[in-house]
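What follows is a set of notes on a single structure, which appears directly below.
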There are 2 protein chains.
Amino acid sequence: MEKIKVMLIEDHNVFREGLKKLIDLEENMAVVAEANTYQQALQNINDNVDVTLLDINLPDGDGLDLCTKFKKQYPHIKHVALTTYDDAIFIKKAMECGVDGFVPKHAFFDEIKAAILMTYKGRSYLYPGLSTDTIIHLSEPGLTESELNILQLLASGKNQKEIAGQLYISLSTFRRRVKSIFKKLKVGTIEEALTVAIKKGLIH
Amino acid sequence: MEKIKVMLIEDHNVFREGLKKLIDLEENMAVVAEANTYQQALQNINDNVDVTLLDINLPDGDGLDLCTKFKKQYPHIKHVALTTYDDAIFIKKAMECGVDGFVPKHAFFDEIKAAILMTYKGRSYLYPGLSTDTIIHLSEPGLTESELNILQLLASGKNQKEIAGQLYISLSTFRRRVKSIFKKLKVGTIEEALTVAIKKGLIH
DNA sequence: ACCGGGGTGACACATTTGTGTCACCCCGGT
DNA sequence: ACCGGGGTGACACAAATGTGTCACCCCGGT
């Protein structure tokens, strides 16, 4: 039987090494490529790969962007997203980027194995341990690009006037957006919104 | 030769499984205990353990507290802290808690192996890949307990008046503390301070 | 053409936040 | 006893922030 050829994209070296070992010990799969940054992933990807296991939080870029790019250039490759966060907003975003499987890092290897197998066979895989709570929230509205932008700029220490200027919107609109963020994240202050956003990996 | 008996304390299951595999494949070490939460770690620790590899960010508590506790009850056990963050403030705090070795998760397994060996032999191990920049900042003042408290409460969505009341300090003192936080973290807004603090793992 | 929803900007207003100043207290060094 | 530093609280004031209201524009459906 042909082995499933896996590519690992993950910046935590120990984690990647351990994962590689576990996969290589499996009879029906093998790691054929690795990358620990966004840039390296672009270089090391090749036609030979069947499935990628990709960490979404890379130091030099968003793993989901990577997925979008790969989908165009190598449409036959399947992608399993691997992440610390299992929030609804996040899963939704992953799905929109064409991810085939989604597994949080707190899962067991068996589940990653299952995800690789399933996606390889052309089906999609959603981590079964996801709380029903999370599933229910899947239909919740995600933050818009502009809203994420605002959070990112707030996180960098800019004040509201500066940000509004930079985004070419009025202070009024800015504040409307912030209000909208509050409602979507169910928080009451910018501080809390930032905390939640960072924890969910929405901004970096 | 006697094998070094290692305990893994890490909440990311896949990571722990991979690490266990890597360690067990080594000739001179073996995993004899595991835990994926703070509580479990307290239960599963035993006299038989030589070295613990402990993740600092556990879902139900601070891994460094764990270290402090272990030091009292099992003074012979060595501890290697494993963490995503390699910031100066963090390393300093780890050292104060009696950690014997410090390795960031982006390190390679070889470095973890070295840390286990070194600490087992009674020496201390500071990850050699730490930037000189980080080392230089080691002497920088860390945030006080009260300052961390303030950040934590701000992160939870409380406003300044509420927090001052809760901490039994006046608004004046509160604001003085915030100013102090700004200076120490080299930021200009609370938003930025929170972002930095979360990224450095100072608050959760 | 008309209407209504959704997004925008201007403005007003109360509240919160950031900054500085003053006075006080405690404590260790002179 | 005196002084000075460090921490505290009260207050004042400017600036930023949060909230609501109004008017406007665009666009798709009726």
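Note that these values count all heavy atoms, side chains included, but never hydrogens, waters or copies made by symmetry. Reminder, nothing fancy here: chain letters follow the sequence lines and each chain counts from 1. Treat the numbers as computed from the prediction; the structure is a model and nothing was measured.
- Stem list for DNA chain D (at least 3 consecutive Watson-Crick or G-U pairs, distances under 3.5 Å): C:1-30 with D:1-30.
- Closest-nucleotide positions on DNA chain D for A:F174 and B:I169 were compared, and the one nearer the 5' end corresponds to B:I169.
- Looking at every heavy atom in both residues, B:T119 comes nearest to B:G101 through CG2-N, 3.9 Å.
- Closest contact between the side chain of A:K179 and the listed nucleotides D:dA16, D:dT17, D:dT19 involves D:dT19.
- Between A:I163 atom CD1 and D:dT17 atom C1' there is a gap of 12 Å when expressed in whole angstrom units.
- Scanning DNA chain C 5' to 3' for nucleotides with an atom closer than 4.0 angstrom to a non-hydrogen atom of chain A gives a first and last hit of C:dT8 to C:dC11.
- Using bins of under 30°, 30° to 60° and over 60° for the plane-to-plane angle, the ring pair B:F15/A:F15 lands in the perpendicular bin.
- The nearest whole Å value for the distance from the NZ atom in B:K161 to the C1' atom in D:dG18 is 14 Å.
- Between A:Q160 and D:dG18 there is a side-chain N or O to OP1 or OP2 distance below 4.0 Å.
- Backbone-only engagement by A:I190 is indicated by non-hydrogen atom pairs under 4.0 Å involving sugar-phosphate atoms exclusively.
- Counting only distance, with no hydrogens or angles, the side chain of A:D60 and the backbone of A:Q39 share a donor-acceptor pair below 3.5 Å.
- For the pairing with B:I112, the side chain to side chain contact (heavy atoms under 4.5 Å, CB included) check across B:L53, B:L117, B:V80 returns one residue only, B:L53.
- The CG atom of A:L171 sits 9 Å away from the C1' atom of D:dA16 (whole-angstrom rounding).
- Spacing between atom CD1 of A:I181 and atom P of D:dG18 amounts to 11 Å, rounded to whole angstrom units.
- Judged purely by atom type and a 3.5 angstrom limit, B:D11 has no side-chain atom pairing as donor or acceptor with the backbone of B:L58.
- Remark: C1' of D:dT17 and CG of A:L153 are 17 Å apart, rounded to the nearest angstrom.
- Nucleotide D:dG18 holds its C1' atom 14 Å from the CG atom of A:L154, rounded to whole Å.
- Along DNA chain D, the nucleotide nearest to A:R176 and the one nearest to B:R177 differ in position, and the one closer to the 5' end is contacted by B:R177.
- Of all heavy-atom pairs spanning A:G188 and A:F182, the tightest one is O-CE2, 3.6 Å.
- Closest heavy-atom contact between B:E10 and B:R16: O-NH1, 3.0 Å.
- Between the side chain of A:E111 and the backbone N or O of A:F108 there is at least one donor-acceptor pair closer than 3.5 Å.
- For the atom pair CD1 of A:I9 and NE2 of A:H79, the computed distance is 8.0 Å after rounding to the nearest 0.5 Å.
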